[in-house]
2 protein chains.
Amino acid sequence: MNAKHPVQTTEKTLTLVEELMGQGSCGVTELAAELDMGKSAVHNHLTTLQERGYVLKRGDEYQLGLKFLDIGGHVRKSTEFYQVAEPEVKSLAADTGELANLMVEEQGLGVYLMRSKGDMAVDIDTYAGMRTHLHTTALGKAILAHLSEERVEAIVERHGLERKTPQSIDTRAELFDALDEVRERGYAIDDGERVEGLRCIAAPVKRSSGAVLGSVSVSAPASRFSDDDLHAEPAERVLSAANVIELNMNY
Amino acid sequence: MNAKHPVQTTEKTLTLVEELMGQGSCGVTELAAELDMGKSAVHNHLTTLQERGYVLKRGDEYQLGLKFLDIGGHVRKSTEFYQVAEPEVKSLAADTGELANLMVEEQGLGVYLMRSKGDMAVDIDTYAGMRTHLHTTALGKAILAHLSEERVEAIVERHGLERKTPQSIDTRAELFDALDEVRERGYAIDDGERVEGLRCIAAPVKRSSGAVLGSVSVSAPASRFSDDDLHAEPAERVLSAANVIELNMNY
DNA sequence: ATAAGCGTTCTGGTTTACAGAACGAGACGA
DNA sequence: TCGTCTCGTTCTGTAAACCAGAACGCTTAT
């Protein structure tokens, strides 16, 4: 549902914050030009944000501060799912030596709640808090497979089916086929659909009611996740991690 | 410096966000009462924030979403100091088996940039992004010890010397004595000054210019950090971690 | 020297945020 | 079953405040 009486000033502030996140570090004039606002307006917003700790001034340039991490970290820490899953994702990373991830759905997008690196883990561009289209990752497909068809339709309607690599899913038919497969097999795979050469295997975590809470995964370069291996040990280990989390969530 | 023409609407939005962070989950009426605002104003702000992904509605209550973690995570990831220090803090935790931390100063407060748990690590209430008074932790004292005296004065002026436990520093004289000691010894210690029974040892990380970038630490229960041991292996290991980070920052 | 660029300050007109009242829906008890 | 209380939401006029634009120092480049 959209806001019937949105606060336009707040929208401007948020747009400014998001622009600053994209740019990294910016001057007043540059931001004003980028966002079609007057310099004074931009300046007023920035100084207000600075006073509250959300923005820092370094020389003549402004940049986002760590206050966002404070709030975000607090929100994450207060999440039961994160608290319960965290140790299990860590041991998943330790056991496999690869990169283990935890995802939840929010507003139709996938949010990485955490990532834990094992000894050999690849270092890709993800970070805790990062958002991604659900259809482009194994984690996302594991979640989508256990939402109602109308929820999935609504999400596709809202966010589209953008392609990240030539392997990405980009039609509804492909997506629904893939989700059927996930439900049958019990876990989802991603073979270079978001990052070329990266394979990923993910299992859903569900409440005993059947509602999906999120998903767990392990990512590794294709060279270490061969076609044969993929469906053996790694799948086994990811499913067991998901199962442990489910048990601990349901007490 | 304070904003000469602050955007009051933005301030209201931020106050609302911070209140929501404190409360966890709240209804419109409760928030309106808490903040002395009309219900319609609170509602307008919340729906605006919701539309942008910063706030979620669950039933009739509103709560903060993970968008803050997205922005905060992005800011952290873009920080050179974090990128460089991260692997070293991880191995510090792995080697000692305890809780290793990384802190930077922002707006006169200490911000935990990361925490990494070793096998036996205590689980305390800190989280990445959390802010704390600098004078209450070894990490903070390691930073303060390498700021100019007027910076330290300004920080004390701004944030005061609040006590967390009976052991906390709470006078300027005590603080400056402690900082002298830190400079002489090369590292800072905290013996139950923030959390009773928790000992902590921290070393500053400095640019070759002498400017302090932040600090690294290891925390453990007093039972595992005896008086004798504290200044031997742990101190050695923390100093070496700080040194490695310094070398990698300065290329 | 001069000019061009920046961030910052100032002001008034007009956009717009918001108090307060009214509405609809659900929960509860009589 | 009905009335009552409370919640989130919608609506409206008016008082407030956001902001374009111009002006001001300041630094840097020509």
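First the proteins, then the strands, lettered A, B, ... as listed; each starts at 1. Computed from heavy atoms alone, side chains included, the values below leave out hydrogens, waters and symmetry copies.
Within 3.5 Å, no donor on the side chain of A/T29 pairs with an acceptor on the base of C/dG7, nor the reverse. At a cut-off of 3.5 angstrom, counting only N and O atoms as typed in the model, there is no donor on one side facing an acceptor on the other between the side-chain of A/T9 and the base of C/dA17.
By the 6.0 Å contact criterion, CD on A/E80 is enclosed, its count of non-hydrogen atoms from other residues, nucleotides or ligands being greater than 12.
Nucleotide C/dT15 holds its P atom 11 Å from the CD atom of A/Q8, rounded to whole Å. Summarising the geometry, the separation between CG on A/L46 and P on C/dT9 is reported as 13 Å, rounded to the nearest angstrom. Atom NE2 of A/H43 and atom P of D/dG25 are 16 Å apart (whole Å). B/N44 places its CG atom 13 Å from the C1' atom of D/dT12, with the value rounded to the nearest Å. Taking atom CE of residue B/M37 and atom P of nucleotide D/dA16, one finds them 16 Å apart after rounding to whole Å. Atom NE2 in B/H45 sits about 12 Å away from atom P in D/dA17, given to the nearest Å. For A/K39 and C/dA4, the NZ to C1' distance is 12 Å, given to the nearest whole Å. Distance A/E30 CD to C/dG5 P: 15 Å, rounded to the nearest Å.
Classification of A/E86 and A/R76 as a salt-bridged pair fails, no side-chain N sitting under 4.0 Å from a carboxylate O. Taking 4.0 Å as the cut-off between side-chain N and carboxylate O, B/E105 and B/R151 count as a salt-bridged pair.
Residues B/A41 and A/G27 each lie close to DNA chain C; by heavy-atom proximity, the contact nearer the 5' end of the strand is made by A/G27. Both A/H5 and B/K12 lie near DNA chain D, and the one whose nearest nucleotide falls closer to the 5' end is A/H5.
Among the nucleotides C/dG7, D/dC18, C/dG20, the one closest to any side-chain atom of A/V28 is C/dG7. In this structure, the nucleotide among D/dT9, C/dC18, C/dT9 sitting nearest to the side chain of A/S40 is C/dT9. Relative to the side chain of A/D60, the nucleotides C/dG7, C/dC18, D/dT9 differ in distance, and C/dG7 lies closest.
In terms of phosphate contacts, B/Y62 brings no side-chain nitrogen or oxygen within less than 4.0 Å of OP1 or OP2 of D/dC7.
Not less than 6.0 angstrom separates the ring centroid of B/Y127 from the ring centroid of B/Y112.
B/S217 and B/N101 share a donor-acceptor pair across their side chains, judged by distance under 3.5 Å alone.
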